[in-house]
Protein chains: 2
Amino acid sequence: MPARPYHHGNLRSALLARAEQTVRERGTQALSLRELAREIGVSHGAPRRHFNDRQALLDALAEDGFVRLGRALDEAVRDAGPGCTPQLQALAHTYVAFATQHAALLELMYAGKHREGAEHVYAAAEQAFAVSLTVISEAQQSGELVPGDPEPLAQVSLATLHGLAAMANGGMLDGEDLQVVVTDAMEMLLSGLRRR
Amino acid sequence: MPARPYHHGNLRSALLARAEQTVRERGTQALSLRELAREIGVSHGAPRRHFNDRQALLDALAEDGFVRLGRALDEAVRDAGPGCTPQLQALAHTYVAFATQHAALLELMYAGKHREGAEHVYAAAEQAFAVSLTVISEAQQSGELVPGDPEPLAQVSLATLHGLAAMANGGMLDGEDLQVVVTDAMEMLLSGLRRR
DNA sequence: CCCGGAATGTAGTCACTGCCTACAATGCTG
DNA sequence: CAGCATTGTAGGCAGTGACTACATTCCGGG
């Protein structure tokens with residue numbers, strides 16, 4: 001019996017996990033299918049059984065990223081207790097934390113060049129961001145926020161957070177300032193929409 | 001006398017121009033030094049005289065992008081006439097237009113993995129965004145906006161615009177909606193800061 | 001004017017990559 | 001247990017970035 005069986009068993013998961021690590025440590029550009037296979041200990045052609053090409057792997061990585069981001073956001077809101085302001089602030093800081101800790105992965109998620117697997121990615125993204133709409137809607141119903149379509153506010157908020165994270169990742173915004181800028185930005189966006 | 005002289009004359013400019021076109025049409029990933037050289041009609045090693053490696057070319061492309069963006073923003077403010085609101089709205093729509101028309105280039109500009117050439121890129125970025133600080137400061141001195149440090153407002157505004165553009169480029173925000181969302185977002189950010 | 005070094009472009013090589021195909025080992029289901 | 005779909009292997013191909021040695025051209029000081 002060989003040290004490693006002919007069939008890996010869960011190559012797909014192993015590929016995704018190792019790929020995520022490589023992307024985080026050395027960037028998307030540095031991800032090579034052959035090197036990946038080598039590290040895991042399979043032949044250079046094996047990944048092809050699970051991902052038709054490199055882009056398919058990247059798409060899967062992006063989708064998985066949205067799933068994990070969604071879980072993190074859900075958890076943050078759950079732990080934040082009641083109240084629209086603390087919930088949205090928790091959402092904001094959780095998003096930015098994820099974005100800065102998984103900079104390359106996030107770039108991958110937003111890279112508009114997914115292919116036929118794109119629907120999966122978009123669906124995962126929508127699912128991840130659903131919680132922000134929920135929080136805003138509930139705040140409107142409870143009278144904390146003025147009524148209106150929650151979609152634009154959610155979009156603008158997420159865009160702001162994404163932009164701030166992108167600037168921090170690009171080195172154009174100091175990492176220490178980020179926390180306070182995020183708090184202030186959310187406050188700016190909410191200040192005009194509170195019911196008083 | 002050969003059709004093409006031994007020395008190209010301005011290979012560096014030609015490389016940058018052609019590279020910018022390729023990046024715009026087929027994405028950063030598709031940019032190949034050898035193909036570039038082939039298209040311009042020089043040997044595959046010639047680009048190395050002007051860019052030590054692929055990343056150096058990409059950095060130069062990013063820097064040039066910031067220069068052009070800066071010019072566009074300056075021009076937009078100049079053409080917008082007096083008044084803080086129209087100037088900032090013009091700034092906003094110009095930025096988003098650039099970001100969506102040069103999506104791949106913008107990704108390059110914000111990609112945080114520039115190297116020793118990074119100072120050039122950062123300097124170009126700062127120069128490009130300087131006009132937004134100017135507009136805000138002048139509005140504060142003329143009494144249109146409440147006084148305070150203009151930096152955070154400028155940062156948050158640009159982050160919001162960048163985020164909205166990223167979402168549009170990623171297909172998560174309809175291109176038609178973009179215009180009105182941008183206008184609304186700027187209005188949200190300014191609404192709390194006007195002196196009345 | 002010319003001559004020698006600096007700048008620029010050429011040609012060849014190397015290790016590597018992604019993608020493809022033919023084939024082998026294995027797992028699973030009737 | 002037979003046969004088939006799944007999964008992994010092995011080899012090949014064209015293309016790439018980086019490196020080197022070498023050729024051509026440009027330019028400034030004698």
Side-chain angles (χ1 to χ4, degrees), chain A residues 1-23 25-62 104 108 111 113-118, chain B residues 1-23 25-62 104 108 111 113-118:
Chain A
M1 180 175 276
R4 248 178 285 96
Y6 188 90
H7 283 85
H8 179 283
N10 53 352
L11 222 203
R12 199 191 134 96
S13 312
L15 288 169
L16 280 175
R18 198 76 171 86
E20 203 277 334
Q21 180 184 349
T22 300
V23 165
E25 291 173 357
R26 290 159 47 207
T28 304
Q29 184 86 18
L31 183 67
S32 145
L33 291 179
R34 289 175 102 108
E35 183 184 5
L36 199 55
R38 232 177 291 135
E39 289 169 344
I40 293 184
V42 294
S43 75
H44 67 261
R48 189 171 164 68
R49 292 291 167 202
H50 302 276
F51 304 100
N52 263 334
D53 56 16
R54 202 183 109 106
Q55 188 57 46
L57 207 190
L58 297 181
D59 285 359
L61 231 44
L108 219 49
K113 39 186 302 220
H114 309 297
R115 289 176 327 201
E116 75 280 3
Chain B
M1 182 175 275
R4 248 178 286 97
Y6 188 89
H7 283 83
H8 179 282
N10 53 350
L11 223 203
R12 199 192 134 95
S13 311
L15 287 169
L16 281 175
R18 198 76 172 85
E20 203 277 333
Q21 180 184 349
T22 300
V23 164
E25 291 173 358
R26 291 159 45 206
T28 304
Q29 184 86 19
L31 183 67
S32 145
L33 291 179
R34 290 177 101 107
E35 184 183 4
L36 200 55
R38 232 177 291 133
E39 289 168 344
I40 293 185
V42 294
S43 73
H44 67 262
R48 189 172 164 68
R49 292 292 168 201
H50 302 276
F51 304 101
N52 263 333
D53 56 17
R54 203 183 109 105
Q55 187 58 45
L57 207 190
L58 297 182
D59 285 358
L61 232 44
L108 219 50
K113 41 182 322 221
H114 309 297
R115 290 176 326 202
E116 76 280 0

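Small disclaimer: the values here were computed from a predicted structure and weren't measured. Chain letters run A, B, ... following the sequence lines, proteins first and then strands; every chain starts at 1.
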B/F51/B/L16 under side chain to side chain contact (heavy atoms under 4.5 Å, CB included): CA gap, chis, key distance, verdict: CA-CA 10 Å; B/F51 304 101; B/L16 281 175; 3.9 Å; yes

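- Place A/R48 and A/R38 on DNA chain C by their nearest nucleotides, and A/R38 ends up nearer the 5' end.
- The nearest whole Å value for the distance from the CG atom in B/N52 to the C1' atom in D/dT20 is 14 Å.
- Rounded to a whole Å, the CZ atom of A/R54 is 19 Å from the P atom of D/dG15.
- When distances are taken from the side chain of B/S32 to each of C/dT10, D/dG17, C/dC19, the shortest belongs to D/dG17.
- Out of C/dC19, D/dA18, D/dA21, the shortest distance to the side chain of B/R49 is found at D/dA21.
- Regarding A/L36, its CG atom lies at a distance of 13 Å from the C1' atom of C/dG18, rounded to whole Å.
- Following rounding to the nearest Å, B/N10 (CG) and C/dA7 (C1') show an atom-to-atom distance of 15 Å.
- The closest side-chain heavy-atom distance from A/R54 to A/T28 is below 4.5 Å.
- When the C1' atom of D/dT16 is taken as reference, atom CG of B/L33 falls 9 Å away, rounded to whole Å.
- Following rounding to the nearest Å, B/I40 (CD1) and C/dT10 (P) show an atom-to-atom distance of 11 Å.
- If you measure from atom CG of B/L11 to atom P of D/dC26, you get 14 Å, rounded to the nearest angstrom.
- Side-chain proximity of A/R34 to the nucleotides D/dT7, C/dT17, C/dT8 is greatest for C/dT17.
- As judged by a 4.0 angstrom heavy-atom cut-off over every strand, A/L31 is placed among residues touching the sugar-phosphate backbone only.
- Listed nucleotides C/dG18, C/dT10, D/dA10 differ in distance to B/A46; the shortest reach to its side chain belongs to C/dT10.
- One can place CG of B/L58 at 15 Å from P of D/dT16, the figure rounded to the nearest angstrom.
- Annotation: the span from B/E20 atom CD to B/L31 atom CG amounts to 10.5 Å, rounded to 0.5 Å.
- By the 4.5 Å heavy-atom criterion applied to side chains, B/R49 and B/L11 are not counted as neighbours.
- Counting distance only, with no hydrogens placed and no angle test, the side-chain atoms of A/H44 and the base atoms of D/dG11 include a donor-acceptor pair under 3.5 Å.
- Of all nucleotides listed (D/dG17, D/dG11, C/dT17), C/dT17 comes nearest to the side chain of A/E35.
- B/T22 has its side chain out of reach of B/E35: every pair of non-hydrogen atoms, C-beta onward, lies at least 4.5 Å apart.
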